A.B. asks: 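Can you read through this structure? Questions will come right after.
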Amino acid sequence: MAGQGSGGNVIAAICNVFFPGLGQLVQGRILAALIFAIVVFGGYALWFLVVPAVVGAIFHLWAIIDAAKFSRSDY
């Protein structure tokens, strides 16, 4: 990936819209991808408890923003 705002980061952010953590995986950040996927899907699976679903939605949005703003120099 070239850096923040690059075409690769846009693709990674779009991937995260459909599958949380996929954008981080595309960027080569396996641990971040696993954490985002587990927290988001765990939160969405417990939607009936409301609070985990809200936490999952926040982490989903965070994953999208994280992929869009990722810069190799920060890593």
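Quick caveat, the model's predicted, so the values are computed rather than measured.
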A.B. asks: Check whether the ring centres of Tyr44 and Trp47 lie less than 6.0 Å apart, and answer yes or no.
C.D. replies: no

A.B. asks: Measure the spacing between CD1 of Ile35 and CH2 of Trp62 and express it to the nearest 0.5 Å.
C.D. replies: 9.0 Å

A.B. asks: Quick one: does any side-chain atom of His60 pair with a main-chain N or O of Phe41 as donor and acceptor, under 3.5 Å?
C.D. replies: no

A.B. asks: Is there a side-chain contact between Asn9 and Gln27 in this structure, where contact means two heavy atoms from C-beta onward sitting under 4.5 Å apart?
C.D. replies: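 Heavy-atom side-chain distance check passes, below 4.5 Å.
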
A.B. asks: Is it possible for you to say whether Phe48 and Val54 belong to one hydrophobic cluster, with membership spreading through side-chain heavy-atom contacts below 4.5 Å?
C.D. replies: no

A.B. asks: List the atom of Ile64, the atom of Ala13, and the distance in Å for their closest heavy-atom pair.
C.D. replies: O-CB, 3.8 Å

A.B. asks: Drop me the distance from Ile11's CD1 to Leu22's CG, to the nearest 0.5 angstrom.
C.D. replies: 11.5 Å

A.B. asks: For a quick test of reading the model, state the closest non-hydrogen atom pair linking Pro20 to Ala37 and the distance between them.
C.D. replies: O-CB, 3.5 Å

A.B. asks: Answer whether the closest heavy-atom distance between the side chains of Arg29 and Asp66 falls below 4.5 Å.
C.D. replies: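 Arg29 reaches Asp66 side chain to side chain.
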
A.B. asks: Which heavy atom in Gly23 sits nearest to a heavy atom in Asn16, and how many Å separate them?
C.D. replies: N-OD1, 3.1 Å

